[in-house]
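Here is how names work: the chains are called A, B, and so on, in the same order as the sequence lines, proteins then strands, and each is numbered from 1.
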Amino acid sequence: MPRRRQRRTAFARPREFTLQRAPRAATSPVRMSSPVRVRFAPSPTGYLHVGGARTALFNWLFARHHGGTFVLRIEDTDQQRNTAEALQVIYDGLRWLGLDWDEGPDAGGPHGPYRQSERQTIYERYFQQLRDAGHLYDDGGAWRFRFRREVVEVDDLICGRIAFDFANVEIMPDMTVRRPDGSWIFHFVNVVDDIEMRITHVIRGEDHLSNTPKHLQLFAALGAEPPRYGHIPLILNPDGSKMSKRDQGASITGYTENGYPPEAVRNYLCLLGWSPKDDRELMPIEDVVARFDLANVNRKGAHFDLAKCDWISAQTIQHMSSERYRELAQPWLAKAGLPTDAPSLDAVLALEKMKVTHLTEIADRVSFFFTEDFPYDPAAVEKTLRKPGALDRIRQLGEACAALEPWDAAVLEAKLKEVAAAVPCKPAEFIHPARIAVSGRAVGPSLYHMLEVLGKERVLARFQRTLGTFDAA
RNA sequence: GACCCUAUCGUCCAGCGGUUAGGACACCGCCCUUUCACGGCGGUAACACGGGUUCGAAUCCCGUUAGGGUCACCA
C-alpha cells in the first residue's frame, strides 16, 4: 500500500479534480481528443464468471461515465469452445445485468467483425507486417515474436508505474504468436484487435498485469499507440483461493436461478473493489455511473461474501417499486403454477415484500392466497389450534366480523382487540388461531393486512373450513 | 523457482503524517411486535511482523512473512 500511494498520486490525477477541471493533465486517464472506447473480451466458455462480469461492469461504468463506447468482442479463437450456446450465455449474462454494448457481434459497428474467428484476414495482415519488419522468426513451424531486451514500463491507471525487465532471455523467452497449424495466440490477436477497434482504455483483471509489457512490445513493433491500462483486482473465494467455475457465487447464471434481482447483484459487484468513498452502499446504477472513477478502484483482491450479496438483494427488493417487484416476481409465480394476473396481486405481494431475500421465496410465501384448499401445517395445528378454546376464538371472531364495515386492517384490528377485551383475554389468543385458520401457517404476513387483502368472504369461508376440519376431529 | 501485485475488524470498504482508527455485512444483546421479518439502539472485533524517517507513522522508506498473479504452440 505505501508504494501504491505514491504511484497513484504521481500518475493518476488528484482526486479532488474532476475530469472537466483538469483535462490537460498529461497523465489524465482520458484524453479529451479521443473519445473513450473500452471493450469486454470474453472467451465463450459456457459460463460467465463473476470476475468477468465485474470486469464487464467496470468497463461499462467507465464508458458510460465518460460518454464513451462499450465494445463486446468475442475471443473465440479456440474452436472447441466456440458454440452458439456458449455465446448466448455471455449475451444473457450481460443483458441480465443491464450491461448494454454499443458494438458487438450482434450489434454490429464500424470496427467489426467482432468475433475473432471471423477476423482471419486482419490478423494475417498484421502478421505480415510484423514479419516484414523482422520482428518474427520461425521456430519449428511456430512463429515467435522477438522481444526487445530492455526494461518495459507499464503505466497503469490503477497500479501505478511498474517496470518489467526483459533483459534475460531465459526468464522472458520470446513469445509465440502463431502456432504451426496457423492458429493465433491470444496476445497477438488481443493486441491487433485493440488497435483495429481503436480501444483507448483496457480495463481487465489483474491476472493480465504481467502480460501487459508483452502487449506493449507488440504495440511498439506494430507502430501503434497503446491504450491506457487499468488492472482490477481479482475476486477470490471466502477462503482466499481463486474462484473457479464450481465455487458458490462464481457463475452469473447461478444468481438468475437463485432469484437475485439483477440490479442487486450489479450493486454488490460495484462495491467489490470500488467505493464511492462516502459510506453509500445501496446505489442506483445512475449514481454509480456518475461517480465511477478508476482512481477509486482498489488494489486488493476481494473475498466474495454471499451474505452481503444477500443483504443487498433483500434491501434492493424492499426498496423497489411495486411495479418492478411484480415484474420480477411473476416468472417465479408462474413457475409455481400460481396466477400472475390476479387483481389483488400487488397487494398480496406487498404483504411479504420486506421479508424476501431471493425471488424464489415469493411463491411459497403467498401460495395460500390463491387457493381455498391450502394445507394446514401440522405443527401449527398441534401447537395452537388444538389448544382448548382456540376454535371458539375463531368462531367468535367470525361472528364479530360478519357485519364489519369497512373491511380494512385498521378496523379489523380494532374489532379483534375489542372482542378480546370483552372476553377478556390477550389479542394473541385470537390472532394465532386466526392466522392458521386463513393461511394454514403459524408464520406469515401481518394478520390484519392479510385479512384485508383476503377479503371478508374468503376469510369467513376459511374460518368455516377450519372449524369444519378440526371441530369434528 | 524467477518476476510482479497486495497486506486496516471474520468479510467488504473509509482513512492520503497528529482520529477515542469510521461505516456496512455477519455475529451477540436490548427495544418495537400477533408470528416471521423490517426497523431502532447498543456491543464484540482490525492497522501482519521487524527496522528506519519524523516532534509525531495505519499513513512515507527498507526488509521479513503471508496471500494472489504471471512465467504456454490456454484465453
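Heavy atoms of Pro445(A) sit under 4.0 angstrom from at least one base atom. Ile171(A) comes within 4.0 angstrom of the backbone, heavy atoms only, and of no base. Within the nucleic acid shown, Gly240(A) comes within 4.0 Å of sugar-phosphate atoms alone, with no base atom in reach, counting heavy atoms only. Across all strands shown, Ala307(A) has heavy atoms under 4.0 Å from sugar-phosphate atoms exclusively, and none from any base. Backbone-only contact: Glu75(A) has heavy atoms under 4.0 Å from sugar-phosphate atoms and none from a base. Using a 4.0 Å heavy-atom distance criterion, His187(A) is classed as a base contact. Tyr448(A) comes within 4.0 angstrom of a nucleotide base, judged by non-hydrogen atoms across all strands. Asp207(A) comes within contact range of the sugar-phosphate backbone alone, with a heavy-atom separation under 4.0 Å but no base atom that close. Here Arg178(A) lies out of heavy-atom contact (under 4.0 Å) with every strand.
A salt bridge links Asp278(A) with Arg291(A): at least one charged nitrogen is closer than 4.0 Å to a carboxylate oxygen.
The base-pairing partner of C3(B), taking Watson-Crick or G-U wobble contacts with both distances under 3.5 Å, is G69(B). The partner of A21(B) is absent, by the rule that a Watson-Crick or G-U pair needs both atom distances under 3.5 Å.
For Asp138(A), the side-chain contact (heavy atoms from CB on, under 4.5 Å) partners are Trp143(A), not counting sequence neighbours. Listed by chain and residue number, Glu352(A) satisfy the side chain to side chain donor-acceptor pair (under 3.5 Å) test with Lys355(A) (two or more places apart in sequence, or in another chain). Arg178(A) is linked by a side chain to side chain donor-acceptor pair (under 3.5 Å) to Glu124(A), counting only residues two or more places apart in sequence or in another chain.
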For residues 417-428 of chain A, please give each side-chain donor-acceptor pair under 3.5 Å, one per line with the distance, not counting sequence neighbours.
unit_1: Lys417(A); atom_1: NZ; unit_2: Glu413(A); atom_2: OE2; d: 2.7
unit_1: Glu418(A); atom_1: OE2; unit_2: Lys415(A); atom_2: NZ; d: 3.4

Protein-nucleotides 38-48 of chain B N/O pairs under 3.5 Å:
unit_1: C38(B); atom_1: O2'; unit_2: Gln318(A); atom_2: NE2; d: 2.6
unit_1: G39(B); atom_1: OP1; unit_2: Gln315(A); atom_2: NE2; d: 3.0

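Residues from residues 426-434 of chain A with heavy atoms under 4.0 angstrom of RNA chain B, sorted by number: Ile431(A), His432(A).
Residue Glu206(A) places its side chain closer to C5(B) than to any other of C5(B), A75(B), U70(B). In this structure, the nucleotide among U11(B), A75(B), C25(B) sitting nearest to the side chain of His303(A) is U11(B). Of the candidate nucleotides C36(B), U6(B), A24(B), U6(B) has the atom nearest to the side chain of Lys300(A). Among U70(B), A72(B), C25(B), the nucleotide with an atom closest to any side-chain atom of Pro173(A) is A72(B).
Below 30°, between 30° and 60°, or above 60°: for His231(A) and Tyr229(A) the angle between ring planes is below 30°, a parallel geometry.
The distance from atom CZ of Phe147(A) to atom P of C71(B) is 11 Å, rounded to the nearest whole Å.
The distance from atom CZ of Phe374(A) to atom CZ of Phe369(A), rounded to the nearest 0.5 Å, is 10.5 Å.
Between Ser275(A) and C13(B) there is no side-chain polar atom (N or O) within less than 4.0 angstrom of OP1 or OP2.
A cation-pi geometry, defined here as NZ or CZ lying under 6.0 Å from the six-membered ring centre and within 45° of its normal, holds between Arg54(A) and Phe58(A).
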